[in-house]
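I have placed the structure first, in the form of structure tokens, so that the comments after it can refer back to it.
For the numbers below, each heavy atom of this structure counts, side chains included, while hydrogens, waters and symmetry mates do not. In what follows, chains are A, B, ... by sequence order, proteins preceding strands, each numbered from 1.
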Amino acid sequence: MSRGKVNPWLWVAGIVLLATLIALPFGLSFSQREVAVLLVINVLLVSSYRLMTLTGEWSLGHVVIMGVGAYASALFSKRLGVPVPISMLLGAVTAGAVAALLSFPLFRMKGFYFLIGSFAAGEVIRLIWKYFTNPFGGPKGLKLIPGFPDIGPISFFEPLPYYYLCLIVVGMSLFFLYRIERSRIGLTFHAIHWQDKLAESVGVNTFSYRMLAFVLASTFAGLCGALYVHYIGTINPNRFDVEEMVFVLIWAIVGGTATFYGPILGVVVLTVINEVILRALGFDTARPMIYGFILIASVLFLPNGLESLVPKLQAWRTSRRTAPEGTPASEEKA
Amino acid sequence: MSDLILQTIVNAVYAASYMSLIAVGLVLIFGVMGVINFAHGELYMAGAYVVVALYAESGMPFLVAVVLGLVFVGLLGLLMEISLFRPLRDNPLGGLIASIGFLLILQTTAVLGFGVRMAHIPPPTQEKIELLNGVVLTHQRLLVIIASVALLSLLYLFLHRTKYGWAMRACAQDREAAALQGISLSQVSRLAMFIGAGLAGVAGALTAPLVSPTPYMGHSVIVTAFIIIIVGGIGQLEGAIVAAILYAFVHTFVTTFFDGVIADITGLLLMLMVLVIKPTGLFGAKDRV
């Protein structure tokens, strides 16, 4: 099959997926709609995190960077009266700028040291929010943050319209992230991950590419924060602590980071299990424990993440189809 | 003023002693097994709750409860090694995630068993020593200091004078080379997990009457422990002790003379500075960046 031709089944799958996403909230209760909004935001958060991990560096500061976007957007709109859609973009830019500043100390480190260094930098930022009541609101954070402005009769105070807004913004961002990964820049990120010395020897400036990955990932994380804060309307420093970061790490690792869809699979599956199934079963205080068992089971039995199930499933389907009919199922791989 | 400084020094010595117990345990686990035990703070919490259950609720003598706390949490560590870290030996990131899973399980168990509120523990002793006019050291804190020094000395003797100690240090230096010498990695890992977890547990048990345990107390402890092992150099036991003392003094003094949040920021900046200037830590080897 030539490269240009797209498998028609992929189109069908795409349209079905899109239709499901649009129809989804109508089958949900009010609180589940709220979960859906947050889930869409988290999909972008974990996907932007994956862009960062392409260069091989695992950060523990990603959620704090998301918080930078949230705080910046909230302050721009609340204190300076900037219209919310513009303040959201400014929030994202601020997160990217903070990441650019942080890259100078942080990218002196690699691997485990970077992990801990990014954690420390994030905690410092968080403690600054906690300490300075003006303008950050101290430990209590910021309240009464203006929401997204109404467009005609549509009020974005309701979860349903905000879900669609997030869907559009996140969809566009994901497309952007996907294109970056498939571009020359993305290939360079991969090269730095697997062979940083070799990449350097052929003239790649590894520092600036690491910085680029970090800044791009942080910009999108900042956008997540902005989307979050204008929906929830209130933030405090504890919302962005290391436990939230651990969740992002878990989504990425349980989903698997080798493919673009791996982390998305992780966040969707785990959120559905945690918020829908376990809540419906009525385990309330015991929920974290069951979550813990699921985590352990997934790293023990699915070490390459949920994404490793997809090729297995494909292979299984192919073998089932080829065995009785005897025709090669080449259209399975597009 | 000099009284205040002296009192702060006494407080810092107390903080340094139990923090070094926790940090040394974490370093031991990381050094031998190469895995970052995120549940270390919850092992500390488990130790504290053993004292809640046995001493505060069942009326056992305090010291017996502390010893049982060490053994119980050591066994928890053994359980982690056998069920999680051994199957994931070649997958350090997986070990990290599995330890987060274990952390959630321990935390929820504490919530289900004891509730989310602070547990109240009657102090085993109210006596105190007055060192100078106004400078006070309670017996409870003195006990923590003495026990920490004794346990760390025992650990030092164990690591340097016994066959198992040598094997453990060999694994910390180079696991494959150690295995080639006929050292059983599984056996050494079990031992390291038992000792490392037990030290965290005994720290929790000893300090339980002073801190009022909650199921979520592990969080701040693990952050502190991370700072200490980075400043001291990952995998360096002596480094961890020196860093614990350094951190405890800096943190206690800044808390006393400024406030707690500034002290936290100072500690983190100290760690960032060490990471930027000498990423292997103050006592780290040169080539392991």
key: Spacing of CG belonging to L268(B) relative to CD1 belonging to I125(A), to within rounding of 0.5 Å   = 11.0 Å

note = Per-residue tally against chain A (heavy atom, under 4.5 Å) across V111(B), L84(B), L103(B) peaks at L84(B)

inquiry  = Quick check: do K130(A) and D264(B) have side-chain heavy atoms less than 4.5 Å from each other?
reply    = no

remark   = One should read off an interatomic distance between I265(B) CD1 and R126(A) CZ, to the nearest 0.5 angstrom, of 10.5 Å

task = Locate the shortest heavy-atom distance separating V261(B) from L127(A); write the atom from each residue and the value.
result = CG1-O, 3.8 Å

ask   = Nearest heavy-atom pair of L275(B) and G117(A): which atoms, and what distance?
value = CD1-CA, 3.4 Å

query = Which bit of L112(B) is near chain A, if near means a heavy-atom gap under 4.5 Å: side chain, backbone, both or neither?
reply = side chain

task = Check G94(B) against V299(A) and note the closest heavy-atom contact, atom names and distance.
result = O-CG2, 4.0 Å

query = With only heavy atoms counted, which part of I105(B) is less than 4.5 Å from chain A, the side chain, the backbone, both or neither?
reply = both

key: Contact class of S99(B) relative to chain A, heavy atoms under 4.5 angstrom   = neither

task = Please determine, among L96(B), L106(B), D259(B), the option with the most heavy-atom pairs under 4.5 Å with chain A.
result = D259(B)

key: Contact summary for M271(B) and I116(A), nearest pair of heavy atoms   = CE-CG2, 3.3 Å

task = Could you tell me which non-hydrogen atom of L272(B) sits nearest to which non-hydrogen atom of A120(A), and how far apart they are?
result = CG-CB, 3.9 Å

request  = Can you establish whether the number of heavy atoms outside F207(A) located under 6.0 Å from its atom CZ is more than 12?
outcome  = yes

request  = Look at atom CZ of F194(B) and say whether more than 12 heavy atoms of other residues, nucleotides or ligands are closer to it than 6.0 Å.
outcome  = yes

request  = Could you check if a side-chain atom of V276(B) sits within less than 4.5 angstrom of a side-chain atom of M109(A), using non-hydrogen atoms only?
outcome  = yes

task = Could you tell me which of D241(A), I250(A), V246(A), L249(A) has the largest number of non-hydrogen atom pairs under 4.5 Å with chain B?
result = V246(A)

Residue F293(A) versus chain B: region with a heavy atom under 4.5 Å = both

task = Measure across L104(B) and Y291(A) and return the closest heavy-atom pair with its distance rounded to 0.1 Å.
result = CD1-CD2, 3.9 Å

query = Hey, is OH on Y131(A) packed in by over 12 heavy atoms from elsewhere, all under 6.0 Å?
reply = no

